[in-house]
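Here is the structure we will look at.
Bear in mind that the values here come from a model prediction, so they are computed numbers and not experimental data.
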Amino acid sequence: MSNPVLEAFGNAKTVRNNNSSRFGKFVEIQFDKNGRISGAAIRTYLLERSRVCQISDPERNYHCFYLLCAAPPQEREKYKLGNPKSFHYLNQSNCYELTGVNDAHDYLATKRAMDIVGICEQEQDAIFRVVAAILHLGNIDFAKGEESDSSFVKDEESKFHLDMTAELLMCDPQALEDALCKRMMITPEDVIKKSLDPLGATVSRDGLAKTIYSRLFDWLVGKINVSIGQDPGSEYLIGVLDIYGFESFKNNSFEQFCINYTNEKLQQHFNQHVFKMEQEEYVREEIDWSYIEFVDNQDVLDLIEKKPGGIIALLDEACILPKSNHESFAQKLYQIFKNHKRFIKPKLARSEFAIVHYAGDVLYQSEHFLDKNKDYVVPEHQDLLSASKCSFVAGLFPPFPEDMAKSSKFSSIGSRFKLQLQQLMETLNSTEPHYIRCVKPNTVLQPAIFENATVMQQLRSGGVLEAVRIKCAGYPTHRTFSEFLSRFGVLAPEVLEGDYEEKVACGKILEKMGLKGYLIGTSKIFLRGNLMAELDAKRTKRHTTAALAILKHIRTRIDRKKYIAKKRGCVLLQSYWRGIRARELYEIKRREAAAIKIQKTIRGYLARKLHVKTRISTVVLQAGIRAMIARCEYRHRRRQVKAAIVIQSHGRRYRCASEYKMIRKQSTNDEGLTNQRMTNLEETEEDLVSPCSLLNSSTDSIDETIEMIAKESHVYPKEVEEAYFIIKEPTSPVKDTEQVGALTAEVANLKALLQAERQRANESERKCAAAQKLSEEGRKKLKENERKVQQLQDCISRMVHCMANQISEMKMIMSSNSGASSSIPSEVLTEATSSCSDSSSEDFTFPVPTPSTPAFSSFGTNNFQLIVQDISAAEIPRSDNDREGGFSDYF
C-alpha cells in the first residue's frame, strides 16, 4: 500500500504520461538463507524538486496538491484552500484535471493508504498542513522597498498568504517575512543582515518551498521503510528498478541532464549484459565471435562524470566560485570540450550545449544548472523551521551541528546523485538482471492507435534497437538440432527416414536447400537473419503444395456426397411440395365459401345498425332543437322584463334627482337669508354693549332691524313679533338691561339655528352627489343592457340560419341512405323541417324516446357532432346572473 502514497507525492503529469514518476525507485525484497522473505526496502533517487515551483503547459505539479484542493469542504476550509487556479504553483499550466481521474476519490484512497502504512492521524494532518503551506507560500509576492535592493510583502492578499503559511507551519509571521526578504552575511568581524530585492526574495521563497517538499518526501520514504521493516543481514534479494526513461523536450534543464545520465549508465549495463550473454553462448558452442563489434558509450559517461574534467565536476566548481554564473559555466564547457565528438556547441548560443546520447542529440539550457545543483538550506530558513511549534515541521529541519551553524557548506546534488548511481550499478552488477521495456503506442492515450514514430523513438530511447544491432552483428537465430529438424524436416523427408545423427541431418537439410551463412555448433545451429526467412518461405511453399493436393481429394469426396444427398432431397421435396399445394388449394376454396357467408351476415347487420342510429339521431336532434328554441324565447322575454324594470328605475331616479335639485336650491337661498340676518343681529349686539350708546341710537337701529325682519316675516313671523315687542317696550333703564340680555340670548339661539341649517345643507349635498353617482351607474348599465340585447338578437339570427343549414345537410344525408334502408319515416323529416322553419313560433313538441331506444353511448356521434359544435360556438356571452343551459344542457 505504499504505492498510492509515493505516487501522490512523487508522480505528476508530463507531456507523454499522465502519471509519470518524477523520481527513481529501487525496491528490494530481502530473503534469508532459507529463501524466506525477511524484509524489504525502498531507495529513491533524484526527486524533481524544481517541479514544485515551476511547471510548463500542459503538465501538472505533483498529484498531492490537486488531491488536497479536492478534499472535503471542511478540510479545505481548515487549510484555507480553494480552486487550484488561485495558486501560483499550480496555475502556470492550464491543465488542472485528468481525464478519468477523480481527485476527491484519490485523496481518500491516499489517506487510507497512509493508515495502512502506519502514518497516524496527527502525522497525516501535519503532512497536509505542510502541503497547504507550500501552496500559500507560492502566492506571496514582493514589491521593491524604499531602500535600494530591499523588498517587502506586496499587498493584503500576499499578507494573508504569509499569515496562513506561518499559521500552518506554526512559526512567527514576522520571522517568516524576514527569512524571505533578508540574508545574514557572516564576516570575520561581525554578522551583517542584508536585504534582498524582489527577485532575490522570490528565489528565496521558491528555494524554501523546494526544500520543505524534498524533506517531506524523504520523511515519507523513511516512514514507509520503517513500516515495511528491513533486514540488514539478508543474504539474497530481488530488486525492481523503476526509474525515469530517456527524456528530450523543447526545454531541457538539470533534471533532464541527470535523467539522461542515468539512462546512459543503464544502457551501458544493458549492452554489456546482452553482449556478455551472446559471447558466452558462442564460447559454449565453440564458435568464433571475435569479429562481432560492441559499441560502448563510455565516452559519453566520461564526458559527464569524469574527474576532474567532466561536466558534473565543472558544474560543482562553478557553484563554489562566488562570481560564476550559467554563461561562464557554458563558456568553460565550450572551451574544454570543443573537440569532443559527443559534445556540440549550437550556433549563436551563449548558454546552451548539446550532448550526443545513444538515443539521439539533446539540447540543454544551462540557465538554472547552478541553482538546481546547490543543495544547502539557507540558515535563516533552517532556524525558522527548526524553531516551529509543530514537532513534525521541526523534525524535518533538525538543528545544524555547531561546526556548520556559522556557515552554509555547499553540497552538490549532481555529485551525490553520481554516487547513488554508482551504488545502484554495483547492486545491479551483483544480480542477474531481466529487462522489461514498456512502450506506449501513441501520445493521445487512446486504444487501438499506433504511431510509428513514437514507437521507434521509445525503442531507440530504451536501447532495444542497439541490442538488436548487437544480435544482428553475429548470428541472431539460434535453434537446437531437435527444434530445427522438427520445423524444417519436411524440406528433406529422405533425411528423416535415414539413420542420421541430428547434427549430420541438419547439415544435409541445409546443403539440400543450397544455403550459406550458417554455423553448426555442438548443440545448436546459428543462422543469419535472412536464412531463417528463406527456410520459412520454403517450408511454407512445401506445406502449401501438400495442402492443395489433400484439398483436391477431400473436396471431390465432399462434393460427391453433397450431390447424392441433394438428389435424394429433391425427390422428397417434390413429393412433399405437391401435397402442400393440394392442401392449400382446398383451403382456399373452403375459405372463399366461408367469406361469402360472413359478408352476407355482416352486410345485413351493418344495414340494421345504420337504420337504428339514423332514427335515434333524428329524434334526439329534433328534441334538442325544440328545447333550444324554447329556451331562447324564454331568455328573450326575461330580458325584455328586466329592461322595462331598468327603464322604470332610471325614470324614478331622474324624478327624484329633479326634486332633490329643487330642494337644494331652496335650501341655498334660505341659508343666504339666514347668514344676512345673523350679521345684522351681531352688529346689533355690539351696539347694545354700552347702555348709553344704545339709548342714543336705539330708535334708528331698531327701526332698521324691524323693517329688515318684516321683509322676512313669511319665513320667521314669530321671531319678528317678539323682536318688535321688545323694541317697543318703554325706555326705562331697568327694562333696557333686560332687553340687552334677551337680545343676547336671541342671538345665541339664532347662531344655533344657523349651525343646524349648515349641517342640513352639507347632508343634502352629500346625498345629491350619491344620487348623481347612482344615476351615472344606472345610465351605464342601461347602455350595456341595450348592447347585450342587440348582440343576443344577432346571435339568435345566426343560430337560426345555422340550424337551417344543418337541417338541410341532415335531409341530404338521410336521402342518401334511403336506398339502403327505408327506416326513416317521411313524417320524421317533415317534422324536422317544419320545426326548423317555424322556430320562431311558440308551439313546440318535445319527443320522449321510447323505452326500447338504445343508450346515448351507441349514438352515431359522427352524424350530428358538427351540429352541436355550430350551436355551441353561437352561444351568447352573458353575465353570471344570466347563465342558463344551452343546447348542451339537454345532453
Side-chain angles (χ1 to χ4, degrees), residues 3 7 10-25 45-46 48 50-51 54-63 92-101 240-271 273-274 295 297 300 342 344 346 352-365 433-473 476 529:
N3 274 344
E7 287 184 359
N11 287 23
K13 179 190 181 303
T14 60
V15 177
R16 299 194 182 100
N17 192 351
N18 286 349
N19 192 30
S20 175
S21 298
R22 306 318 299 162
F23 67 99
K25 178 174 63 175
Y45 304 93
L46 189 65
E48 188 181 1
S50 62
R51 182 172 290 271
Q54 183 179 4
I55 56 176
S56 58
D57 198 26
E59 297 185 353
R60 290 207 322 172
N61 212 316
Y62 289 105
H63 294 327
Q92 300 175 36
S93 170
N94 292 324
C95 180
Y96 300 99
E97 297 179 355
L98 299 179
T99 304
V101 177
V240 178
L241 178 64
D242 179 12
I243 205 164
Y244 15 64
F246 189 86
E247 292 186 353
S248 178
F249 302 126
K250 182 178 180 180
N251 295 317
N252 301 284
S253 188
F254 181 70
E255 291 82 10
Q256 283 70 39
F257 175 77
C258 293
I259 289 171
N260 293 340
Y261 167 49
T262 304
N263 282 273
E264 286 285 358
K265 273 284 190 182
L266 295 176
Q267 181 64 27
Q268 185 187 45
H269 181 268
F270 177 66
N271 291 344
H273 176 70
V274 172
V295 178
N297 61 343
V300 180
R342 295 282 191 168
I344 300 175
E352 297 177 348
F353 64 91
I355 297 177
V356 181
H357 292 283
Y358 71 94
D361 300 352
V362 179
L363 181 65
Y364 297 99
Q365 289 76 29
H434 298 272
Y435 295 91
I436 300 175
R437 300 296 185 185
C438 299
V439 179
K440 292 174 58 178
N442 58 73
T443 57
V444 295
L445 307 179
Q446 296 294 330
I449 299 176
F450 293 90
E451 299 175 357
N452 295 336
T454 302
V455 173
M456 287 299 297
Q457 176 62 27
Q458 294 178 77
L459 294 176
R460 185 178 295 106
S461 301
V464 178
L465 298 182
E466 182 65 19
V468 171
R469 193 199 63 77
I470 294 174
K471 294 282 287 186
C472 291

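- In this structure, the side chain to side chain contact (heavy atoms under 4.5 Å, CB included) partners of L98, at least two apart in sequence or on a different chain, are K13, N18, R60, H63, C95, V101.
- Atoms CD1 and CD, from I344 and E352 in turn, are 13.0 Å apart once rounded to the nearest 0.5 Å.
- Side chains of N94 and P58 form no contact here, defined as non-hydrogen atoms less than 4.5 Å apart.
- The main-chain N or O of E264 is found under 3.5 Å from a side-chain atom of N297 such that the two form a donor-acceptor pair.
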Exercise. Take Y62 and R51 through the side chain to side chain contact (heavy atoms under 4.5 Å, CB included) test and state the conclusion after the steps.
Key: CA-CA 8 Å; Y62 289 105; R51 182 172 290 271; 3.9 Å; yes
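- Side-chain contact between I355 and D361 is absent, with no heavy-atom pair separated by less than 4.5 Å.
- Residues passing the ring-ring contact (aromatic ring centres under 6.0 Å, His included) test with F246, sequence neighbours excluded: H357, Y358.
- With respect to Y364, the ring pair (Phe, Tyr, Trp, His ring centres under 6.0 Å) criterion is satisfied by exactly one of Y261, F353, F249: F353.
- For H273, the side chain to side chain contact (heavy atoms under 4.5 Å, CB included) partners at least two apart in sequence or on another chain are M277, P433, Y435.
- With V439 as the partner, the side chain to side chain contact (heavy atoms under 4.5 Å, CB included) test is satisfied by one option alone out of T454, V455, V464: V455.
- Listed for the S93 side chain is a donor-acceptor partner under 3.5 Å among the backbone atoms of E59.
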Exercise. Begin from the C-alpha positions of Q256 and N260 and carry the test side-chain hydrogen bond (donor to acceptor under 3.5 Å, both in side chains) through to its verdict.
Key: CA-CA 6 Å; Q256 283 70 39; N260 293 340; over 6 Å; no
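- More than 12 non-hydrogen atoms from other residues, nucleotides or ligands lie less than 6.0 angstrom from CD of E451.
- Summarising the geometry of I243 relative to T262, their closest heavy-atom pair is CD1-CG2, 3.4 Å, with the distance given to 0.1 Å.
- Atom CG in N271 sits 11.0 Å away from atom CG in L266 (nearest 0.5 Å).
- Contact check on R22 versus E255 returns no salt bridge, with no Lys/Arg side-chain nitrogen under 4.0 Å from an Asp/Glu carboxylate oxygen.
- Atoms CD1 and CG, from I436 and L241 in turn, are 11.0 Å apart once rounded to the nearest 0.5 Å.
- Heavy atoms only, all atoms of each residue included: I259 and G245 are closest at CG2-O, 3.1 Å.
- Heavy atoms only, all atoms of each residue included: I55 and Q92 are closest at N-OE1, 3.4 Å.
- E48 contributes atom CD, which lies 11.5 Å from atom OG of S21 (distance to the nearest 0.5 angstrom).
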Practice problem: Any chance you could lay out the side chain to side chain contact (heavy atoms under 4.5 Å, CB included) test for N251 and S56, step after step, and finish with the verdict? | Solution: CA-CA 10 Å; N251 295 317; S56 58; over 6 Å; no
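- N442 contributes a side-chain N or O that, together with a main-chain N or O of I449, makes up a donor-acceptor pair within less than 3.5 Å.
- Interatomic distance, CG of N263 versus CD of Q268, reported as 13.0 Å (0.5 Å rounding).
- Other residues, nucleotides and ligands contribute over 12 non-hydrogen atoms within 6.0 Å of the CG atom of D57.
- The minimum heavy-atom distance linking K250 with Q365 is given by the pair O-NE2, 4.0 Å.
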